[in-house]
Protein chains: 2
Amino acid sequence: MTNPDPSRPTLSEVARRAGVGRSSAARVLGNYGSVSEHTRRRVLVAAAELGYETNELARSMSTGVTMTIGVVLADIANPFFAAVFRGISDAARAAGYGTLLVNSDEDPELEDEAVRLLVGKQVDGIIAAPAGGAHAPAAALRWAHERGTAVVQVDRTLNGFDADAVVMDNRDAARTAAERLIAAGHRRVALAWGPARQGRGAVTADHLREWAGSSEISSVGERYLGYAAALEAAGIPLDPALVMTGEQTIEGVRRFARRALAGEGRPTAFIATEVDAVIGVLAEARAAGLVLPADLSLIGFDDSPWASVHDPPITTLRQPVQRLGEHAAEILIARLGGDRRPRVVDHLASETVDQGSVAPPG
Amino acid sequence: MTNPDPSRPTLSEVARRAGVGRSSAARVLGNYGSVSEHTRRRVLVAAAELGYETNELARSMSTGVTMTIGVVLADIANPFFAAVFRGISDAARAAGYGTLLVNSDEDPELEDEAVRLLVGKQVDGIIAAPAGGAHAPAAALRWAHERGTAVVQVDRTLNGFDADAVVMDNRDAARTAAERLIAAGHRRVALAWGPARQGRGAVTADHLREWAGSSEISSVGERYLGYAAALEAAGIPLDPALVMTGEQTIEGVRRFARRALAGEGRPTAFIATEVDAVIGVLAEARAAGLVLPADLSLIGFDDSPWASVHDPPITTLRQPVQRLGEHAAEILIARLGGDRRPRVVDHLASETVDQGSVAPPG
DNA sequence: CTGAAAGCGCTTACAG
DNA sequence: CTGAAAGCGCTTACAG
């Protein structure tokens with residue numbers, strides 16, 4: 001095949017024009033080995049005249065390194081993952097790496113496909129928020145890891161998977177939020193959202209514990225456990241009707257909140273662990289004519305600037321989301337650099353930002 | 001060099017194991033040409049046994065096609081660009097393309113660097129939201145386009161640049177917003193934000209017109225022109241003090257809104273053309289003790305679910321942001337497929353969602 | 001239908 | 001310090 005685009009000069013053409021061998025031109029342009037000042041000049045001049053740019057693809061072909069990190073996240077349009085990706089991308093760029101992103105939409109099959117695609121493109125490593133819960137097979141991710149592609153989990157962890165991970169300390173965050181509400185005097189605290197699973201018939205605390213520990217996205221399970229721990233420490237019995245299960249969308253939250261607020265012992269406070277949960281609770285509170293914080297307290301997990309211009313501003317557990325991504329990339333890059341530490345699992349702490357949506361129960 | 005990872009079998013190994021030539025194995029695995037059913041079987045079996053996956057890098061090396069689209073956006077953590085990228089990524093994936101994303105942070109130098117990086121990685125085409133305004137040199141983007149890399153501009157256009165483009169109809173959107181406020185009885189309508197340039201001394205309408213037409217990000221300029229056109233059509237003189245200039249951040253908006261609201265002929269309505277503008281205006285309105293919509297009307301450009309749980313819900317110009325990205329990718333992919341139409345510049349229309357933050361002036 | 005050979009644009013020992 | 005040669009893992013005419 002001839003060069004499809006004659007305006008893209010190759011190393012050989014630069015060498016010919018400079019009147020030197022290809023290896024010398026390569027040494028100058030690749031910035032390694034040693035060359036005489038004279039040839040260096042000639043090569044650089046020739047390269048500039050031709051407008052030469054290294055073909056990274058060809059370089060990767062021979063070095064076996066692409067300087068590219070593959071990233072698999074649920075949905076880049078979700079502000080949480082957008083911030084994670086921004087963090088990854090910044091840390092990667094700082095170290096000279098590019099990033100190839102694929103959305104999984106929380107679908108394990110799309111995730112598998114994405115991972116195979118990335119491995120096919122010879123990425124040097126993969127950062128992924130595994131879909132399908134802690135017990136998901138995640139076959140492609142495990143396969144990639146076994147073949148020697150560096151893998152770092154972000155925001156979630158897979159049980160029995162030996163790859164590094166960076167997650168929020170979700171258990172602690174939820175416990176802190178619940179403790180704060182309990183300290184304000186609340187005893188009926190609702191959690192939105194919890195496990196995505198649907199019970200047949202009534203959901204019991206046993207179901208919840210089992211779901212939290214096994215088949216859910218680990219961050220969701222951890223939050224449930226933190227919430228439950230705070231209640232237990234305060235001697236408050238856990239009411240499964242106050243824990244959202246099922247479809248994790250704004251609509252799902254609204255259904256849950258509507259039912260909970262209509263019931264007998266209605267909750268006097270909500271913990272909303274996702275942006276969409278905050279939105280859903282606010283929408284239903286408004287629909288029910290409840291005024292925050294007098295009629296209902298709320299703590300959200302979200303760092304949106306909208307939270308502070310809401311009336312009242314929403315008390316928030318601020319999570320270092322971008323840092324989560326940065327840290328995952330740093331660990332991956334350290335591995336690519338030959339770091340041989342044992343498996344790393346880092347937990348990042350949140351910070352509570354009191355803004356006014358928490359008050360004693362009416 | 002030997003294969004750095006012996007667990008990654010190559011085409012040759014598959015061929016050897018199947019007892020056929022490399023070309024035959026290539027034909028089977030690459031799914032082209034014709035092979036006997038017998039060899040096909042043998043090759044597929046051998047590939048499965050070895051766990052063979054095509055090395056896309058090597059394939060790209062010989063075909064000259066990477067099936068990858070490079071994307072340069074200001075900031076993936078900004079919900080607008082996150083949605084654009086989601087659209088690009090979906091359309092790309094549907095056509096078998098991957099996407100390589102780089103943030104420019106609105107910095108022309110970072111943009112140049114990003115474009116060179118992408119060209120170096122041999123992307124088949126580039127989608128970019130050019131930084132630095134309509135008259136920016138954007139040397140790398142023009143260079144890439146001239147060398148034959150397909151380029152599509154998204155959200156912004158560069159003057160005198162012959163590449164396809166997809167943008168919002170920003171002029172029409174701003175005109176519509178202004179008309180709506182004027183129809184409600186407002187005559188003092190403020191625009192946040194406008195051109196980023198700072199005047200020395202007083203900013204005049206002439207300055208604004210010049211800045212809008214020349215050196216700004218074209219979407220910002222277009223919005224100013226639509227706003228000005230609506231005022232003119234209604235016979236309302238344009239007051240430069242009601243058009244924000246300078247730093248385009250939440251803080252910048254707050255400074256502008258504070259000054260405007262404190263002045264003599266204070267605005268009775270705001271048009272906020274970015275999420276951060278909406279947030280900034282809301283924050284200052286609250287600080288000034290103004291209640292929406294009785295004391296102040298507001299129309300925002302933003303599709304955040306937060307807008308509808310705000311009190312009052314914010315009347316919004318909903319823009320098909322994800323569609324913007326999809327469409328850009330579709331055009332690019334059509335070009336890669338050999339489409340030879342003349343240059344395409346598509347304008348996408350917005351839709352007004354009336355929610356309650358507009359009322360007649362108090 | 002099939003296989004040996006050349007080529008994509010680099011890097012990397014290996015002699016000189 | 002320098003250059004000819006081999007190699008990375010594919011694809012693609014070209015004979016047979």
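Numbers restart at 1 for each chain; the letters A, B, ... are given by sequence-line order, proteins then strands.
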May I have the distance from [X] (atom [atom1]) to [N] (atom [atom2]), rounded to whole angstrom?
X	N	atom1	atom2	answer
A:Glu53	C:dG9	CD	P	15 Å
B:Arg22	D:dG7	CZ	P	12 Å
A:Leu11	C:dC8	CG	C1'	13 Å
A:Met61	C:dC8	CE	C1'	9 Å
B:Glu56	D:dC8	CD	C1'	16 Å
B:Asn31	D:dT11	CG	P	11 Å
A:Glu13	C:dC10	CD	P	9 Å
A:Leu57	D:dG9	CG	P	14 Å

C:dT2: pairing nucleotide in any strand, Watson-Crick or G-U under 3.5 angstrom:
D:dA15

Go through [options] for me and flag the one nearest to the [X] side chain.
X	options	result
A:Arg27	D:dT2, D:dG7, D:dG9	D:dT2
A:Ser62	D:dG3, D:dG7, D:dC10	D:dG7
A:Val20	C:dT11, C:dA6, D:dG3	D:dG3
B:Asn55	D:dC10, C:dA13, C:dT11	D:dC10

Please confirm whether the shortest side-chain N or O distance from A:Thr63 to OP1 or OP2 of D:dC8 is below 4.0 Å.
no

Does A:Ser24 have a side-chain nitrogen or oxygen under 4.0 Å from the phosphate oxygens OP1 or OP2 of D:dG3?
yes

Tell whether B:Arg8 reaches the base of D:dG9 with its side chain through a donor-acceptor pair below 3.5 angstrom.
no

Is it the case that the base of D:dG9 and the side chain of B:Thr10 share a donor-acceptor contact (distance under 3.5 Å, atom types as modelled)?
no

Using the ring of each side chain (for Trp, its six-membered ring), is B:Phe85 parallel, tilted or perpendicular to A:Phe85, with breaks at 30° and 60°?
parallel

Other residues, nucleotides, ligands: >12 heavy atoms within 6.0 Å of B:Glu49 CD
yes

Using a heavy-atom cut-off of 4.0 Å across all strands, would you classify A:Ser36 as base, sugar-phosphate, or nothing?
sugar-phosphate

Using a cut-off of 4.0 Å on non-hydrogen atoms, how would the nucleic acid contact of B:Thr39 be classed: base, sugar-phosphate, or nothing?
sugar-phosphate

So, taking the atom named CD in A:Gln122 and the one named CZ in B:Arg8, what distance separates them when rounded to the nearest 0.5 Å?
5.5 Å

When the nearest nucleotide of DNA chain C is assigned to B:His38 and to A:Arg59 on a heavy-atom basis, which residue is associated with the more 5' position?
B:His38

Of B:Val123, B:Thr68, B:Asp124, which is the lone residue that meets side chain to side chain contact (heavy atoms under 4.5 Å, CB included) with B:Tyr97?
B:Asp124

Whether B:Asn103 side chain and B:Asp105 backbone form a donor-acceptor pair below 3.5 Å
no

